[in-house]
S.K.: 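Dropping a structure here in structure tokens format, bear with me for questions.
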Amino acid sequence: MTHSPVPAARIALVGDRSPHVVSHTRVPLLLDALADRDRLVLDAYWISSEDATSRGAVRGFDAVWVLPGSPYRSEAGVLAAIRTAREHGVPFLGTCGGFQHTLLEYARHVCGLTRVAHAENDPGADDLLIEPLACSLAGHEAAVTVEPGTLAQSVIGAERTVERYFCAYGPSRHLDTLRAGGLRFSGHDEDGQVRIAELPGHPFFLATLFQPELYGDGSRPHPVVRALARAAVAHASGAVPEAV
């Protein structure tokens, strides 16, 4: 009997799965490409935002990916999944809505900004951390400058990249407080607006406002997606990636 030297890496795909969200339809293609091209085999499970509210919903997984598709049916569920990955050293990726909620989770649970809100979920809130972008990025491509010496730079392999977006919301305030609280903003657009965030000291914790799952035709996964898969496999095997 032949035994695999590495346990199957289990990844939680958090979001409200829909055939109308292009990012969601790309996931099977990406998983196949990771297995075929990179020998990175992931056992993927979709967890709805509502199911993510259950205690331990993403515990036991080797990676958590919060995908686009906001507004999520349960903001609380998405925030709980992000918090679990952050606090328990589980490799994590948040894209588009996942990026926005990553900042929201960090602001509330690390920085003590308990009243901050997301305008898509609570447009009448007094303290909006995530607001409508001055110019919607839905369907656009734009350049991102990546800070040297960061996890993002080591993953992307360049200090400038052009990425695809499909979003209309982004961070607006309290960014200095998030920086002071330990979050690193490692990528910005040409106007200096934050587009990538990461958490130093965590094995792998990355969030992008752009959608790396939309890269190309899905047959060659974006470096960010490949890096998450590598981190998941390392987690499954008991290896601890070097934190940046």
S.K.: Between Thr102 and Val66, does a side-chain contact (heavy atoms from CB on, under 4.5 Å) hold up when you go through it step by step?
M.R.: CA-CA 9 Å; Thr102 296; Val66 176; 6.0 Å; no
S.K.: In Å and rounded to the nearest 0.5 Å, what is the CG to CG distance from Asp62 to Asp43?
M.R.: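 Going from CG on Asp62 over to CG on Asp43, the span is 9.5 Å.
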S.K.: When you look at CZ of Phe166, are more than 12 heavy atoms from neighbouring residues, nucleotides or ligands closer to it than 6.0 Å?
M.R.: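 Result for CZ/Phe166: open.
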S.K.: Is the closest side-chain heavy-atom distance between Val78 and Glu75 below 4.5 Å?
M.R.: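 Of all side-chain heavy-atom pairs linking Glu75 with Val78, none is under 4.5 Å.
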S.K.: Working to the nearest 0.5 angstrom, can you tell me the gap between Ile82 CD1 and Leu104 CG?
M.R.: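 Going from CD1 on Ile82 over to CG on Leu104, the span is 8.0 Å.
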S.K.: Taking the side chain from Ser172 and the backbone from Leu129, do they hold a donor-acceptor pair closer than 3.5 Å?
M.R.: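 Judged by distance alone, yes, a pair lies under 3.5 Å.
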S.K.: Would you find a donor on one side and an acceptor on the other, under 3.5 Å apart, between the side chain of His24 and the backbone of Ser18?
M.R.: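 Side chain of His24 to backbone of Ser18: a pair is present.
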S.K.: Is there side-chain contact between Leu178 and Leu113, with heavy atoms separated by less than 4.5 Å?
M.R.: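 With C-beta onward as the side chain, the pair touches.
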S.K.: As an exercise, state the distance from CG of Leu34 to CZ of Arg230, rounded to the nearest 0.5 Å.
M.R.: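 Atom-to-atom, Leu34:CG and Arg230:CZ are 9.5 Å apart.
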S.K.: So do Thr161 and Val146 actually touch side chain to side chain, heavy atoms under 4.5 Å?
M.R.: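 SC-SC contact between Val146 and Thr161 confirmed.
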S.K.: May I ask you to decide if the ring planes of Phe210 and His222 are parallel, tilted or perpendicular, using 30° and 60° as cut-offs?
M.R.: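 Answer is tilted, since the angle falls between 30° and 60°.
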S.K.: Any salt bridge between Glu213 and Arg26, counting N to O under 4.0 Å?
M.R.: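 Here Glu213 does not pair with Arg26 in a salt bridge, since their nearest N and O are not under 4.0 Å apart.
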S.K.: Sub-3.5 Å donor-acceptor pair from the side chain of Glu198 to the main-chain atoms of Ala152, do we have one?
M.R.: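 Pair found, side chain donor or acceptor close to backbone of Ala152.
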S.K.: So that I can tick it off, tell me whether Glu131 and Arg173 are bridged by a salt bridge, with the cut-off set at under 4.0 angstrom between side-chain N and carboxylate O.
M.R.: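 Salt bridge present between Arg173 and Glu131.
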S.K.: Is the backbone N or O of Gln193 less than 3.5 Å from a side-chain atom of Asp191, with the two atoms forming a donor-acceptor pair by type?
M.R.: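 No: the side chain of Asp191 does not pair with the backbone of Gln193.
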S.K.: Below 6.0 angstrom between ring centroids: does that apply to His101 and Tyr72?
M.R.: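 Centroid separation for His101 and Tyr72: below 6.0 Å.
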S.K.: Return the minimal non-hydrogen interatomic distance between Ile47 and Ala57, and the atom names on each side.
M.R.: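 Reported closest heavy-atom pair: CD1-O, 3.5 Å.
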S.K.: Side chains of Thr95 and Gln211: any donor to acceptor distance under 3.5 Å?
M.R.: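 No, because no side-chain N or O of Gln211 sits under 3.5 Å from a partner of the opposite role on Thr95.
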S.K.: If you measure from CZ on Phe205 to CG on Leu151, what distance do you get to the nearest 0.5 Å?
M.R.: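 Phe205 atom CZ to Leu151 atom CG measures 11.0 Å (nearest 0.5 Å).
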S.K.: Can you tell me how far apart OG (Ser74) and CG (Leu79) are? Round to the nearest 0.5 Å.
M.R.: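 So the gap between those two atoms works out to 8.0 Å.
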S.K.: Tell me, yes or no, whether the heavy-atom count around Arg179 atom CZ, taken from other residues, nucleotides or ligands under 6.0 Å, exceeds 12.
M.R.: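 For Arg179, atom CZ is crowded (more than 12 foreign heavy atoms under 6.0 Å).
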S.K.: Looking only at heavy atoms, what is the nearest atom pair of Pro203 and Gly89, with distance?
M.R.: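 Pro203 and Gly89 have their closest heavy atoms at CG-O, 3.7 Å.
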S.K.: Let me see the working for Thr145 and Glu190 under side-chain contact (heavy atoms from CB on, under 4.5 Å), right down to the final yes or no.
M.R.: CA-CA 7 Å; Thr145 299; Glu190 293 179 328; 5.7 Å; no
S.K.: I'd like to know if the side chain of Arg108 reaches the main chain of Val116, judged simply by a donor and an acceptor atom lying under 3.5 Å from each other, with no hydrogens or angles considered.
M.R.: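 The answer is yes, because a donor-acceptor pair under 3.5 Å joins these two groups.
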S.K.: Any heavy-atom pair between the side chains of Glu147 and His188 that's under 4.5 Å?
M.R.: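 His188 vs Glu147: side chains touch.
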S.K.: Please walk me through it: do Gln100 and His118 pass side chain to side chain donor-acceptor pair (under 3.5 Å)?
M.R.: CA-CA 8 Å; Gln100 297 158 15; His118 189 309; 2.8 Å; yes
S.K.: Whether the Glu50 and Ser48 side chains hold a donor-acceptor pair (N or O, under 3.5 Å, no angle test) is what I'd like checked.
M.R.: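 Distance-only check fails for Glu50 and Ser48.
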S.K.: For Asp16, is there an ion pair with Arg73 - N to carboxylate O distance below 4.0 angstrom?
M.R.: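 Yes, this pair counts.
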S.K.: Kindly compute the distance separating CG (Asp122) from CG (Asp127), expressed to the nearest 0.5 Å.
M.R.: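 One finds 10.5 Å between CG of Asp122 and CG of Asp127.
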S.K.: Can you see which heavy atom on His202 is nearest to which on Arg86, and at what distance?
M.R.: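 Here His202 and Arg86 meet closest at CD2-O, 3.4 Å.
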S.K.: Does the structure place the NZ or CZ of Arg10 under 6.0 Å from the centre of the six-membered ring of Tyr45, at an angle of no more than 45° from the ring's axis?
M.R.: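 That pair qualifies as a cation-pi contact.
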S.K.: Do side-chain atoms of His88 reach the backbone of Val90 as a donor and acceptor pair under 3.5 angstrom?
M.R.: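 Flag not set: sc His88 to bb Val90 has no pair under 3.5 Å.
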S.K.: When you compare the side chain of Thr84 with that of Phe92, does any pair of heavy atoms fall below 4.5 Å?
M.R.: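 No, their side chains stay 4.5 Å or more apart.
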S.K.: Could you pull out the closest heavy-atom pair between Cys167 and Leu209, with the gap in Å?
M.R.: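 That would be SG-CG, 3.8 Å.
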S.K.: When you compare the side chain of Phe99 with that of Ile130, does any pair of heavy atoms fall below 4.5 Å?
M.R.: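 Counting from C-beta outward, Ile130 and Phe99 never come under 4.5 Å.
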S.K.: Quick one: does Tyr106's side chain get under 4.5 Å of Leu199's, heavy atoms only?
M.R.: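 Yes; the side chains approach each other to less than 4.5 Å.
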S.K.: Run the side-chain contact (heavy atoms from CB on, under 4.5 Å) test on Trp65 and Val14 for me, step by step, so that the C-alpha distance in whole Å, both residues' side-chain angles and the decisive distance to 0.1 Å come before the verdict.
M.R.: CA-CA 6 Å; Trp65 184 355; Val14 179; over 6 Å; no
S.K.: Minimum heavy-atom separation for Pro123 to Leu128, with atom names?
M.R.: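 So the two residues come closest at O-CD1, 4.3 Å.
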S.K.: Could you go through residues 214-221 and list every donor-acceptor pair under 3.5 Å that involves a side-chain atom there, pairing it with any protein atom two or more places apart or in another chain?
M.R.:
from   : atom 1 : to     : atom 2 : distance (Å)
Asp217 : OD1    : Ser219 : N      : 2.9
Asp217 : OD1    : Ser219 : OG     : 2.6

S.K.: Is there a side-chain contact between Ile156 and Val144, using heavy atoms and a 4.5 Å cut-off?
M.R.: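 No. Closest side-chain heavy atoms not under 4.5 Å.
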S.K.: Which heavy-atom pair separates Ala9 from Ala236 by the least distance, and what is that distance?
M.R.: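 For Ala9 and Ala236, the tightest heavy-atom pair comes out as CA-CB, 3.9 Å.
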S.K.: Yes or no on side-chain contact (heavy atoms from CB on, under 4.5 Å) for Phe61 and Ile11, after CA distance, side-chain angles and deciding distance?
M.R.: CA-CA 6 Å; Phe61 284 91; Ile11 182 170; 5.6 Å; no
S.K.: Examine Leu133 and Leu175 and state if one hydrophobic cluster contains both, with Ile, Leu, Val, Met, Phe, Trp and Tyr joined whenever side-chain heavy atoms are less than 4.5 Å apart.
M.R.: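 Both belong to a single hydrophobic cluster.
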S.K.: Tell me yes or no: between the side chains of Ser70 and Glu120, is some donor less than 3.5 Å from an acceptor?
M.R.: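 Present: a donor and an acceptor within the cut-off.
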S.K.: State whether the side chain of Thr53 and the backbone N or O of Gly77 hold a donor-acceptor pair below 3.5 Å, judged by distance alone.
M.R.: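 Not at all, since once roles are kept as given, no pair shorter than 3.5 Å links the two residues.
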